[in-house]
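Atoms within each ligand, like the ligands themselves, are counted from 1 in listed order.
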Amino acid sequence: ETAGRVSLSPLCPLSVLLSHRVTRVPSELLSQSVLLSHRATCHPRAEELQGQRWVPFSREEISAFQSQPMAEMWQRCARRVTEAIERVVEFAKRLRGFLQLSQHDQIVLLKAGAMEVVLVRMCRAFDAATRSVLFEGKLAGPELFRSLGCPELVASIFDFAQSLSALRCSESELAMLSALVLLNAGRPCLQDRPRVARLQGHLDVAFRLLLRRTRREGLLARLPAPGRLRALCSQHLEQVQAFRRLHPGGLPAAFPPLYRELFAPDPADGPAGTR
Ligand SMILES: O=C(O)[C@H]1CC[C@H](C(=O)N2CC[C@](c3ccc(C(F)(C(F)(F)F)C(F)(F)F)cc3)(S(=O)(=O)c3ccc(F)cc3)C2)CC1
């Protein structure tokens, strides 16, 4: 048995067995705490996802969305993605060691990784059978988002959600994946890269041990390449720029400030993450 576990030898009297604390190895404690942070900051919660019967939008509701003005639909989606990003920030703050990083590095990691975590989390509310995602309480296919005017981005988002949901990840696996997306020592502009690399290393070991314990080592080879998430996020930034060109005068004030800060930073505000 691995060190620290209660020895289950037949010779051990109950009193000795009971005297051992059920110790968990540090990496098991780490994946447990990451799972709790994930559960506390995801929406909908896992139990709501199981219980809920997902209802698709009706044809009338879909055409109502499709006839929304582009700016209206963009603001609606930007609000929802901003709410999701605020929950990802809360998740990051609960990750062991994250708040001990400099604020500069916390901002660098969130600017680079928050949208990627939203896209990872999206597979939780994705229904592969109907290729649709939970949006404002009902199931929406890609066609519902037509008035955004960015069909390729929407298609890539759905493709990514489809491929990730096909792996049928557990909440623990999604939690560890999300933590590793955020605590990525490869992000540009980090001040204390070795410190982020140490945190990333602990998570990497904990993730591998979790996969071994659950006989899911094969998952690692099937995960989408990190480049896919990066490509999705740059596609998203291109579409935000395209939207801004269509609507001179910058993103309308109705866009959430956090969304503007992350995806349409005003050059007058100085370099990213240093304010
Ligand atoms: O907080 C949680 O645990 C979850 C995390 C995942 C959340 C989620 O799935 N989402 C949050 C909002 C979602 C979202 C994703 C992508 C975008 C955009 F890229 C663009 F609009 F251009 F596509 C933008 F940013 F440019 F506008 C906006 C909003 S959504 O559900 O509104 C959605 C929109 C379009 C889709 F084609 C698929 C989904 C995805 C739901 C809440």
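Every residue meeting the salt bridge (Lys or Arg N to Asp or Glu O under 4.0 Å) condition with E90, not counting sequence neighbours, appears here in chain and number order: K93, R94. Residues that satisfy the salt bridge (Lys or Arg N to Asp or Glu O under 4.0 Å) test with R216, not counting sequence neighbours, are E173. With sequence neighbours left out, the salt bridge (Lys or Arg N to Asp or Glu O under 4.0 Å) criterion links R76 to E136.
For R168, the CZ atom is loosely surrounded, since the number of other residues' heavy atoms within 6.0 Å does not exceed 12. By the neighbour-count criterion of 12 heavy atoms within 6.0 Å, atom NE2 of H43 is sparsely surrounded, having that number or fewer from other residues, nucleotides or ligands.
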Please give the N or O to N or O pairs under 3.5 Å between ligand 1 and the protein, distances rounded to 0.1 Å.
residue  : atom   : partner : partner atom : Å
ligand 1 : 1 (O)  : R87     : NE           : 2.6
ligand 1 : 1 (O)  : R87     : NH2          : 3.0
ligand 1 : 3 (O)  : H43     : N            : 2.8
ligand 1 : 3 (O)  : H43     : O            : 3.1
ligand 1 : 31 (O) : R80     : NH2          : 3.4
ligand 1 : 32 (O) : R80     : NE           : 3.4

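Contact check on R230 versus E116 returns no salt bridge, with no Lys/Arg side-chain nitrogen under 4.0 Å from an Asp/Glu carboxylate oxygen.
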